[in-house]
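Written out below as structure tokens is the structure these notes cover.
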Amino acid sequence: MSQNFRIENVGLINKDKKLCFKFNGKKYFGYEGDTLASALLANGVHLVGRSFKYHRPRGFFGAGVDEPYAIVQLYRNNETEPNIKATEQELFEGLEAKSVNCWPSVNFDIGAINNFLKIFLPAGFYYKTFMWPKSFWYRIYEPFIRKAAGLGVASIKHDKERYEHKYEHCDLLIAGSGPSGLSSAYAAAKNGAKVILAEDKPRFGGSLLTSDVNIGNQSGKEWAEGIIAELKTMPNVVVKNRSQIFGYYDHNMLVMSEKVSDHLPATKKYHPNKRLWYIRAKEVLISSGSIERPIVFGNNDTPGVMLSSAAKEYLKVYGVLVGRNPLIFTNNDSGYETAIEFKKHGVDPIVLDSRKNPESEIINEAKNIGINIKNSYVVVAAQGYKKVKSADIASISDDKKQLGKIENIQCDCICVSGFWTPTIHLASQSGNKTKFKEEIDAFIPGQSKQNERTLGAANGVFSLEETLKTSFAAGSELSKKITENDNEVLIPNVVEKKSSKHDKFWCVPLPEGKNYKRFLDFQNDVSVSDVEIALKEGYRSIEHVKRYTTLGMATDQGKTSNLNGLQLVSEIENKVVPAVGHTTFRPPYTPVSIGAIVGREIGKHSKPTRKSPMHAWHEKNNAVFVDAGVWLRPRYYKRGNENLFEGSKREAKNVRTNVGVCDVTTLGKIDIKGPDAAELLNRVYTNAWLKLPVGKARYGVMLREDGIVMDDGTTTRISENHYHMTTTTAQAANVLSHLEYYLQLVWPELNANVVSTTEQWAGAAIAGPKSRDLLQKLFPNSNVSNEGLPFMGYMEDDLYGVKARIFRISFSGELAYEINVESDNGNFMWEKIMEVGEEFKIQPYGTEALSTLRIEMGHVAGSELDGRTIPYDNALESLVSKKKDFIGKRSLQRTAFIADDRQRIVGVVPLDKKTSIPEGSHLVKDANAPLPNPKLGHISASCWSVEYDNPFSLAILKDGKNMIGEKLFVMSPLKNKVIPVEIVSSHYVDPKGERVRS
Amino acid sequence: MTLPIETHLLQACVSEPVKPVLDSVVTFGAGHFYVSQSDKGEMVMGGDLDGYNSYAQRGNLPTLQHVLTEGIAMMPFLSKLKMLRTWGGIMDMSMDGSPIIDKTHIEGLYLNCGWCYGGFKATPASGWTFAHTIAQDRVHELNAGYSLNRFSTGHLIDEKGLGTKTWIS
Amino acid sequence: MSLISALANIHTTGQFGDHEGKNENDLLKISENQNLLIVQIVQYKNSILSFESIEIDGLKLKNEPLNVVFNNDTRVLWNGPKNWLLVSKKKDLLTSISKKFIETDFAVTDLSHSKAIIEIEGQEAKEVLKKGCPFNFNILEKNNSINSIYNGIALTIDMLDDNPDKVRLFALRSFGESLYHSITDASLEFGFKSI
Amino acid sequence: MLYIKCPHCGMRPQIEFSYGGDASVKRPELNKDVSDQDWDDFVYNRKSLRGKHLELWQHISGCRQWIKVERDTSTHEISRTFKADEEVA
């Protein structure tokens with residue numbers, strides 16, 4: 001199809017570059033610089049979609065971010081994206097788009113039957129129509145509604161685009177590059193301030209691109225181009241187009257979404273598709289302009305009805321006529337500007353003005369060039385189904401209540417202007433309580449809450465001269481405050497046409513006997529009658545009316561509908577608009593790609609990963625890894641076709657019979673130094689620490705102030721004033737912060753320093769009956785006998801020339817040692833242990849075997865120290881000092897904590913000695929008791945005992961102390977298991993702890 | 001009377017509506033994320049607290065960024081959708097993460113608070129037992145555990161095991 | 001004995017990202033730093049000793065945020081109130097540090113093996129940092145250092161030079177590979193040379 | 001993201017800090033008798049103010065110091081910050 005509606009030599013598009021695109025399977029062409037909307041309109045395509053609820057035909061209503069209708073499914077570079085506004089999407093070669101929300105096609109849409117059933121779909125229809133009979137909801141109504149719901153189709157493929165973030169700081173952030181944005185940016189830049197100027201459209205200049213004004217003897221557009229060109233050369237200025245500031249957050253942090261390559265056929269390799277900017281600004285200038293609002297009349301959603309400013313923009317920016325026979329319906333002078341542009345390009349418009357006798361320069365000009373103007377006239381209803389064919393018009397009485405005789409006139413589009421609504425979203429998001437400005441029938445920002453100021457049309461100022469004056473002044477003043485420079489900038493002369501007052505008129509009354517739908521919210525199909533129903537049904541708060549009718553909750557977020565909705569409510573309620581108030585403006589101003597919000601923290605990099613210095617060795621030796629917080633730890637070292645169960649059993653067994661080695665680098669290590677280090681430990685741990693000799697380790701338990709166990713571990717006295725504390729892997733960071741809290745805030749009198757040395761030392765635990773023989777071979781010059789290095793002893797030596805720390809501690813319950821070397825030597829140590837250990841049949845073991853070993857021995861770990869247990873529960877009460885005070889001690893006196901039947905750790909063995917017990921299962925007395933079956937305890941950890949070759953679990957059981965020998969049931973409804981069990985001691989293997997001391 | 005409650009901020013968001021892709025609520029426990037699709041087609045998503053006391057009913061984007069990061073980890077296709085609306089609510093966080101449903105020492109004053117962010121799912125049962133508590137002026141067997149004095153006696157109901165640091169996620 | 005540095009398993013040399021058609025000298029340069037002595041020096045809260053009277057490798061400590069005192073071999077980074085991170089090519093300095101900062105008043109902790117160290121040099125070095133760290137880099141000048149966080153990883157940033165920009169990043173060793181990934185990923189757009 | 005003035009380091013993004021709750025809570029001294037009520041108040045009862053709230057933050061990825069922050073819980077505005085050992089007037 002040829003571009004019937006394109007006019008020669010008009011517009012800012014590049015006519016030298018023709019671009020091919022497809023819409024609903026049909027091929028069209030447009031030009032570089034077009035949007036999908038302008039290119040479709042140039043081709044005479046007005047029907048782009050169907051409405052949400054009634055599936056009525058939808059065309060184009062605006063030319064930008066406020067567009068409620070023209071939503072398409074976009075195909076680009078073998079990917080698809082739903083819900084793209086055709087008015088925002090720039091054209092590129094090969095673009096493909098389809099209509100959404102219609103089936104089988106936009107021309108014949110089955111859902112449109114809703115349009116004839118609309119009596120069943122009034123306001124709040126979700127809440128009432130489909131409520132009865134109750135059983136119908138799941139089976140009939142919901143599936144039906146769901147099928148009809150939604151706009152575009154979400155691709156369930158992985159998103160291949162790259163999204164990046166950037167954190168930036170500046171002196172002045174300016175949102176919008178219209179006259180106020182440009183002039184304030186220029187003035188501030190001249191004072192040397194660091195300025196960021198953001199424009200959501202591809203072209204800078206805002207209203208200057210389409211208005212007929214003169215600044216400093218240039219056209220508005222030329223002046224804007226000059227300013228931008230100069231700003232771009234200044235090193236202290238960043239200007240960004242295609243960049244929408246969508247959120248104003250705390251402490252002057254604003255967030256901007258920059259579309260880096262949405263206008264290209266594909267994103268350049270290594271470059272982002274979108275970049276999300278977190279900008280912290282000292283001052284913010286909001287120059288976001290205003291959006292024209294519609295006048296409400298019958299069938300005002302018919303394709304071909306659009307904002308008069310949009311018609312002007314399509315003409316002046318894209319050289320596209322939205323109609324050849326336009327009707328312009330206005331209550332202010334803006335409609336005339338559009339009419340004049342039409343006329344200038346050889347099209348004869350008719351202007352209907354609701355005002356009686358308006359007079360102004362613009363109107364005079366329109367009259368002078370012979371435009372047909374009808375005063376006190378309104379559009380009663382648009383006629384035509386898929387496109388406007390004619391309009392029913394009538395004269396209107398001065399009080400706007402009575403319509404004259406209805407006439408029908410031919411037209412192919414209706415351009416409507418109901419005056420302007422300042423875009424106050426950002427100011428409101430900042431916390432600014434807005435105020436209603438009577439002269440313009442709209443809200444403007446009130447008192448600034450953060451360091452923000454709103455300028456120009458966004459502040460309800462529609463005179464260009466005043467806008468430039470205040471904006472230059474604001475830019476100068478705010479930048480001067482920051483840079484202390486005061487460079488004078490001359491404010492250019494302005495020539496603009498003066499306007500007359502607009503008419504406080506926003507909705508055409510229904511003619512008698514007619515029942516036209518008059519839409520307020522075009523995307524969500526909310527009409528005047530829907531709001532009337534909501535109010536009749538008793539909804540008063542505007543927030544409730546909004547939710548009940550869904551007014552303003554569509555993807556355009558009510559940019560064109562909110563104010564008319566308020567006017568309606570205020571009229572029915574007989575209140576002034578400010579008394580009705582408006583709904584809260586929340587970020588984002590426009591929908592933002594979730595991928596852009598997330599940025600690069602995706603896939604395996606969604607969280608950082610921590611690796612030990614021996615990680616590469618583990619990898620090479622078939623380790624299967626497990627997440628331990630963000631650490632990666634070997635779970636087991638797979639041999640052949642072994643599974644986890646077989647592999648971990650083999651490893652654990654080898655520890656019990658020979659010797660095993662485990663990477664324990666991840667355990668938290670904290671260096672504690674200072675004259676008061678011992679005193680600190682004494683206050684933090686439940687047991688006594690003042691008399692620990694140098695060269696000895698001790699096991700300790702620390703509590704939270706509420707008496708609950710926080711962590712456990714061993715601490716070794718390395719020298720007089722130097723202790724080495726270990727923590728569990730999971731609690732390492734919390735324990736450090738906990739110690740700092742007490743040292744800095746609670747006991748500042750203590751002279752001690754704590755610092756994490758987790759990363760300084762690589763750790764290997766060697767465990768098993770042959771571990772001493774191995775140790776002796778590794779350290780031939782030391783006496784590592786039971787006397788030379790007794791249980792809980794510590795020594796330093798060197799391992800083939802490498803400084804090593806040797807601790808005789810055990811988590812496995814076997815004779816065991818832990819060797820630490822500095823991290824760069826970690827792999828060397830590990831390989832040496834493996835090499836020397838070969839003759840003792842050493843095997844590396846992972847966390848699963850480690851777990852088995854500790855469970856069998858009844859050693860508590862994270863699953864018992866789960867933030868809900870006290871020392872008694874873990875059979876650790878012997879470590880609780882009665883003599884000294886410590887963190888959390890006072891809480892241990894609580895009734896529940898000293899009750900006779902207090903929960904306590906026990907062992908659990910299935911009666912059949914075969915069935916594995918799922919972790920997290922409950923223990924009950926009677927498996928057949930009615931629900932809720934009283935829970936006596938839960939399984940905290942399970943393993944397959946390698947010592948006895950049967951399942952064994954630990955449990956925290958009510959009155960556990962007196963339950964040994966009892967028969968209970970383990971129930972796991974999730975796994976559908978009921979297992980008869982016997983309660984035994986938690987110390988299943990080596991109950992006297994002889995092996996560790998052997 | 002002092003309540004062991006701190007007021008915090010929780011945000012949620014919805015995407016633009018899309019055709020049905022998800023027919024149930026899915027929560028990602030380890031990632032602190034939940035998602036469901038509304039009848040209108042919007043994906044409704046949320047996660048953890050912003051992490052400091054607040055009555056502002058406005059949150060900040062990094063928290064939602066974190067929530068959505070977890071969301072994409074679970075359902076990568078969410079990346080191509082657009083976030084339409086966000087909002088922040090105030091949460092009465094009790095010191096063990098469970099609600100308080102109880103009578104008080106003041107005649108005629110009953111407590112039903114500290115719901116943290118778990119309210120709706122338990123509303124029918126708690127409403128019923130609370131009505132019982134008021135009507136009979138004694139706690140029902142099923143809400144007896146949710147007493148205010150559990151913080152003094154130590155009979156806490158701390159499912160997450162985080163203790164009093166309600167802001168930790 | 002074979003030492004294995006924090007990034008030994010990930011750092012490979014070559015040119016990466018959008019480097020084609022660009023002058024090699026204009027590319028960002030990314031490298032791993034090894035074999036530095038890194039020592040934390042902390043003065044105890046109630047110590048009244050004058051830390052300014054102690055000289056180490058000709059340098060005196062300064063208790064001032066952002067401050068780095070330095071010479072050719074050694075840089076002392078302010079790490080917090082009366083808390084410094086000494087980074088030096090002279091590995092034998094540790095003994096004299098321990099001697100001069102007496103243990104009744106100072107905690108001296110060797111952290112040489114605790115860190116993964118990445119250096120970035122080039123015009124866009126700060127741009128790379130801005131992609132993952134919300135600190136205001138416009139105020140970070142030559143011979144300033146800060147502690148902050150990059151894509152969830154805590155790190156220390158030491159600004160070695162500003163013509164062109166050159167920064168040295170220290171992260172906890174176990175996070176090294178993740179930080180290296182983040183930094184090189186953020187550098188792809190500019191193109192970089194790994195040396 | 002909040003912008004918090006660390007009294008040691010200067011203006012820093014919130015991401016460098018971790019929250020520590022109500023700063024008005026005072027831990028009872030060690031080895032002193034504490035009534036049940038006082039202990040419960042210390043462990044569980046918080047002011048949870050709407051308005052100016054004195055709270056603890058730790059500059060955990062910065063200088064690692066615990067600081068006190070006076071912040072309005074209805075606007076998030078921060079009026080003053082203090083070092084750990086500074087008394088709040």
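Because the structure is predicted, anything quoted here is derived from the model rather than measured. Sequence lines set the chain letters: A, B, ... in the order given, protein chains first and strands last, and positions in each chain run from 1.
Taking the six-membered ring where tryptophan is involved, the planes of Phe625(A) and His615(A) are essentially parallel, since the angle between them stays under 30° and well short of 60°. By the 30° and 60° cut-offs, the orientation of the rings of Tyr167(A) relative to Tyr278(A) is parallel.
Of the atoms belonging to Ser612(A), not a single heavy atom falls under 4.5 Å from chain C. For Glu822(A), the parts lying under 4.5 angstrom from a heavy atom of chain C are both the backbone and the side chain. Interface residue Phe135(C): only backbone heavy atoms are found under 4.5 Å from chain A. Neither the backbone nor the side chain of Lys832(A) comes within contact range of chain C, judged by heavy atoms closer than 4.5 Å. Heavy atoms closer than 4.5 Å to chain A are found in both the backbone and the side chain of Asp110(C). At a 4.5 Å heavy-atom cutoff, the contact between Glu168(A) and chain C is made by side-chain atoms alone. With a threshold of 4.5 angstrom between heavy atoms, His605(A) approaches chain C through side-chain atoms but not through N, CA, C or O. Only the side chain of Asn9(C) has a heavy atom closer than 4.5 Å to any heavy atom of chain A. With a 4.5 angstrom heavy-atom cutoff, Trp761(A) does not touch chain C via any of its atoms. If you measure heavy-atom distances from Gln34(C) to chain A, you find no contacts under 4.5 Å at all. Interface remark: Ser182(C) contributes no atoms to any contact with chain A (heavy atom separation under 4.5 Å). Only the backbone of Ser756(A) comes within contact range of chain C, with heavy atoms under 4.5 Å apart. At a 4.5 Å heavy-atom cutoff, the contact between Asn138(C) and chain A is made by side-chain atoms alone.
In this structure, a donor-acceptor pair under 3.5 Å is present between the side chains of Glu161(A) and Thr267(A).
The candidate with the highest count of non-hydrogen atom pairs below 4.5 Å against chain C, out of Pro613(A), Pro272(A), Pro748(A), Ser719(A), is Pro748(A). Among the candidates Lys673(A), His169(A), Gln760(A), the residue making the largest number of heavy-atom pairs closer than 4.5 Å to chain C is Gln760(A). Ranked by heavy-atom pairs shorter than 4.5 Å toward chain C, the options His722(A), Arg162(A), Glu720(A) are led by Arg162(A). With respect to chain C, the highest number of heavy-atom pairs below 4.5 Å among Thr665(A), Asn751(A), Asn753(A) belongs to Asn751(A). In terms of heavy-atom pairs under 4.5 angstrom with chain C, the leader among Lys269(A), Arg275(A), Met253(A), Glu831(A) is Arg275(A). Contact tally against chain C (heavy-atom pairs below 4.5 Å) for Val755(A), Asp676(A), Leu750(A), Thr757(A): the top residue is Val755(A).
For Asp73(C) and Lys90(C), the salt-bridge test passes: some basic side-chain N is under 4.0 Å from an acidic carboxylate O. Ion pairing of Arg600(A) with Asp185(C) is present here, as a side-chain N (NZ or NE/NH1/NH2) and a carboxylate O approach within less than 4.0 Å.
Remark: side-chain polar atoms of Trp78(C) are not paired, donor with acceptor, to backbone N or O of Val69(C) under 3.5 angstrom. Looking at Thr74(C), its side chain never comes within 3.5 Å of a backbone N or O of Asn71(C) through a donor-acceptor pair. Using modelled atom types, one side-chain atom of Asn236(A) and one backbone atom of Ala189(A) make a donor-acceptor pair closer than 3.5 Å. At least one donor-acceptor pair closer than 3.5 Å links the side chain of Ser53(C) to the backbone N or O of Ser50(C).
Aromatic ring centres of Trp830(A) and His618(A) lie closer together than 6.0 Å. Ring centers of His11(C) and Tyr180(C): under 6.0 Å apart, within the cut-off.
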